[in-house]
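Whatever order the structure lists ligands and atoms in, that order sets their numbers, starting from 1. We're numbering straight along the sequence, starting at 1. Reckoned from all heavy atoms, side chains included, excluding hydrogens, waters and symmetry mates.
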Amino acid sequence: MKKIKNILLIITGGIAAYKSLELIRKLKDQSINVTCILTRSGSEFVTPLSVASLSGNHVYSELFNLTDENKMGHIQLSREADLILVAPATTNIISKMAYGSCDDLASTVLMATNKPVFVVPAMNVRMWHNPATQRNIQMLINDEIKFIGPEKGDMACGEYGLGRMSETQEIINSILEYDLSLSSQPLKNLSALITSGPTKEQIDPVRFISNESSGKQGYAIAQSLFDMGAKTTLITGPTNISLPQGPSIIKVNTAEEMLLATENLLPVDIAVCAAAVSDYKINQTSDTKIKKIGENISLELTENPDILKRIGKRNSQRPELVIGFAAETENLHKNAEAKLVSKGCDWILANDVSNGKVFGEDENEIVFISKNKSETWNKMTKENVAKKLSSSISDYFSV
Ligand code: CTP
């Protein structure tokens with residue numbers, strides 16, 4: 001089960017807001033980092049200073065605050081969190097969530113997020129039973145928002161009934177029991193294919209043409225797209241590393257086999273061509289071992305199909321997002337931009353492979369190129385490149 005490390009806690013304005021201070025402390029006892037958004041009415045009940053002191057993090061409240069947006073924008077706040085917890089949640093925030101209003105930072109983050117959201121209601125019993133509240137809650141349940149509580153009991157207003165905020169331990173238990181990997185699946189309605197590894201073109205029964213590709217980057221991409229819920233198939237050339245857990249696997253040797261497997265999988269939503277496909281194959285593979293004849297010989301090579309180009313330039317069943325790599329030893333930007341166009345890709349991840357860099361290594365330094373932007377991703381592990389790419393894919397499909 002994937003462990004929760006970061007929670008974005010939204011504290012709205014109710015008398016139960018004081019309980020959120022204990023909640024922060026107990027979440028931190030579980031080694032969970034807590035970042036808080038305190039709404040304007042929330043700050044009438046608890047002070048930003050106490051929330052900041054307990055969480056050890058800056059407290060966010062205004063949507064249009066230049067300093068805050070510089071430190072961490074509203075999208076970033078959601079991105080950095082594994083889940084969002086609204087505690088206490090007033091009738092007002094529940095109504096805003098149900099109708100998609102965005103008139104402050106808290107409601108805007110809740111609209112912009114693709115993370116699991118837990119709501120811990122706290123309100124007067126009559127407000128809880130009001131048909132409008134119940135209608136809104138049903139809408140949110142249909143949207144897969146999760147509710148913790150409320151509980152029955154004496155209320156601050158002197159009444160008795162349903163509406164009390166759940167006890168801190170109860171909230172913590174519900175969160176810790178929650179399996180993150182099951183629901184943080186923004187790609188769950190999409191399908192993806194990934195080509196990876198080298199291809200192997202046979203010269204004769206014992207010799208072949210291949211390359212140094214380890215398959216690590218493509219395997220990490222397949223794993224991460226699968227973890228984010230995509231129906232994922234990895235088409236892989238021969239490698240010596242462990243297969244990703246979860247994706248369907250198709251093993252191939254030659255570029256022709258890889259092309260066939262790729263085309264057979266269409267239609268898919270996402271195609272990532274990370275394979276180091278052998279550009280050439282032997283014109284005539286020998287059925288028997290080529291003998292040494294005491295003089296130089298020549299091997300005639302024929303060009304292999306360009307799998308990425310075939311996919312990117314299709315008129316029918318072209319995946320919505322076609323992503324390629326560009327391995328370059330010189331003129332990285334220029335060559336990668338040319339490949340983006342010539343192969344009909346939407347995005348290219350370019351890397352510098354001069355002096356044997358990248359192949360077989362655990363880290364990768366990427367220049368991300370699309371039709372309208374180019375950005376350098378600092379050197380990071382191939383797993384993190386995969387996660388960053390998957391999250392860009394998720395952003396692409398969520399707008
Ligand atoms: N590619 C492919 N089929 C090929 C050759 C390349 O699908 N026959 C894909 C790779 O998977 C990668 C992209 O095309 O996504 C670029 O590969 P790269 O090796 O950088 O470029 P090439 O097209 O082989 O061109 P060159 O070797 O001239 O740089």
Side-chain angles (χ1 to χ4, degrees), residues 192-202 208-222 225 233-239 250-266 268 270-283 301-314 317-319 321-361 364-371 374 377 382 385-386 389 392-393:
L193 73 80
I194 296 95
T195 69
S196 187
T199 60
K200 185 174 166 189
E201 310 294 338
Q202 220 62 41
F208 55 84
I209 298 177
S210 193
N211 59 63
E212 295 274 16
S213 169
S214 65
K216 282 181 188 167
Q217 187 60 82
Y219 281 31
I221 293 169
L225 290 176
T233 306
L234 170 69
I235 303 166
T236 176
T239 66
I250 301 176
K251 292 186 181 177
V252 295
N253 281 311
T254 65
E256 291 282 359
E257 289 168 5
M258 190 173 268
L259 173 68
L260 191 65
T262 306
E263 289 182 332
N264 281 343
L265 276 174
L266 299 178
V268 293
I270 306 153
V272 185
C273 290
V277 183
S278 203
D279 287 335
Y280 292 93
K281 64 180 175 189
I282 303 299
N283 201 7
L301 304 178
T302 319
E303 203 175 339
N304 259 327
D306 190 317
I307 301 167
L308 175 60
K309 190 171 178 176
R310 291 272 189 105
I311 301 295
K313 295 263 180 179
R314 283 181 72 95
Q317 295 191 326
R318 181 191 183 277
L321 201 53
V322 176
I323 304 167
F325 275 75
E328 306 297 339
T329 52
E330 57 190 347
N331 300 328
L332 185 89
H333 277 87
K334 199 165 144 264
N335 289 341
E337 275 161 14
K339 278 181 188 164
L340 182 85
V341 176
S342 69
K343 297 186 186 229
C345 303
D346 300 294
W347 300 348
I348 283 268
L349 274 63
N351 44 23
D352 177 359
V353 292
S354 56
N355 307 318
K357 275 191 258 174
V358 179
F359 284 119
E361 286 183 8
N364 210 348
E365 194 173 343
I366 295 287
V367 178
F368 173 96
I369 297 173
S370 67
K371 280 164 198 141
S374 149
W377 296 357
K382 289 184 174 172
V385 168
L389 176 65
S392 305
I393 292 174

(message) With a 4.0 Å cut-off on N to O distance, would you call Lys334 and Glu328 a salt bridge?
(response) no
Table of N or O contacts for ligand 1, cutoff 3.5 Å:
unit_1: ligand 1; atom_1: 3 (N); unit_2: Ile307; atom_2: N; d: 3.0
unit_1: ligand 1; atom_1: 7 (O); unit_2: Ile307; atom_2: N; d: 3.4
unit_1: ligand 1; atom_1: 7 (O); unit_2: Leu308; atom_2: N; d: 2.8
unit_1: ligand 1; atom_1: 8 (N); unit_2: Pro305; atom_2: O; d: 2.9
unit_1: ligand 1; atom_1: 11 (O); unit_2: Cys273; atom_2: O; d: 3.4
unit_1: ligand 1; atom_1: 11 (O); unit_2: Ala275; atom_2: O; d: 2.6
unit_1: ligand 1; atom_1: 14 (O); unit_2: Lys343; atom_2: NZ; d: 2.9
unit_1: ligand 1; atom_1: 15 (O); unit_2: Cys273; atom_2: O; d: 2.6
unit_1: ligand 1; atom_1: 15 (O); unit_2: Phe325; atom_2: N; d: 2.8
unit_1: ligand 1; atom_1: 15 (O); unit_2: Phe325; atom_2: O; d: 3.3
unit_1: ligand 1; atom_1: 20 (O); unit_2: Ala327; atom_2: N; d: 2.8
unit_1: ligand 1; atom_1: 20 (O); unit_2: Lys339; atom_2: NZ; d: 2.7
unit_1: ligand 1; atom_1: 21 (O); unit_2: Lys339; atom_2: NZ; d: 2.9
unit_1: ligand 1; atom_1: 23 (O); unit_2: Lys343; atom_2: NZ; d: 2.4
unit_1: ligand 1; atom_1: 24 (O); unit_2: Asp279; atom_2: OD1; d: 2.9
unit_1: ligand 1; atom_1: 24 (O); unit_2: Asp279; atom_2: OD2; d: 3.0
unit_1: ligand 1; atom_1: 27 (O); unit_2: Asp279; atom_2: OD2; d: 3.1
unit_1: ligand 1; atom_1: 29 (O); unit_2: Lys339; atom_2: NZ; d: 2.8

(message) If we ignore hydrogens and angles and just use 3.5 Å, is the side chain of Ser278 paired with the main-chain N or O of Thr199 as donor and acceptor?
(response) no
(request) Side-chain contact test, heavy atoms from C-beta onward, threshold under 4.5 Å: evaluate it for Glu212 versus Pro198 and give yes or no. (result) no
(request) Please identify each residue that fulfils salt bridge (Lys or Arg N to Asp or Glu O under 4.0 Å) with Lys309, with sequence neighbours left out. (result) none
(request) With sequence neighbours left out, write down each residue that passes side chain to side chain donor-acceptor pair (under 3.5 Å) with Asp346, or none if nothing qualifies. (result) Arg318, Lys371
(request) List in chain and number order the residues that pass ring pair (Phe, Tyr, Trp, His ring centres under 6.0 Å) with Phe208, two or more places apart in sequence or in another chain; answer none if no residue qualifies. (result) none
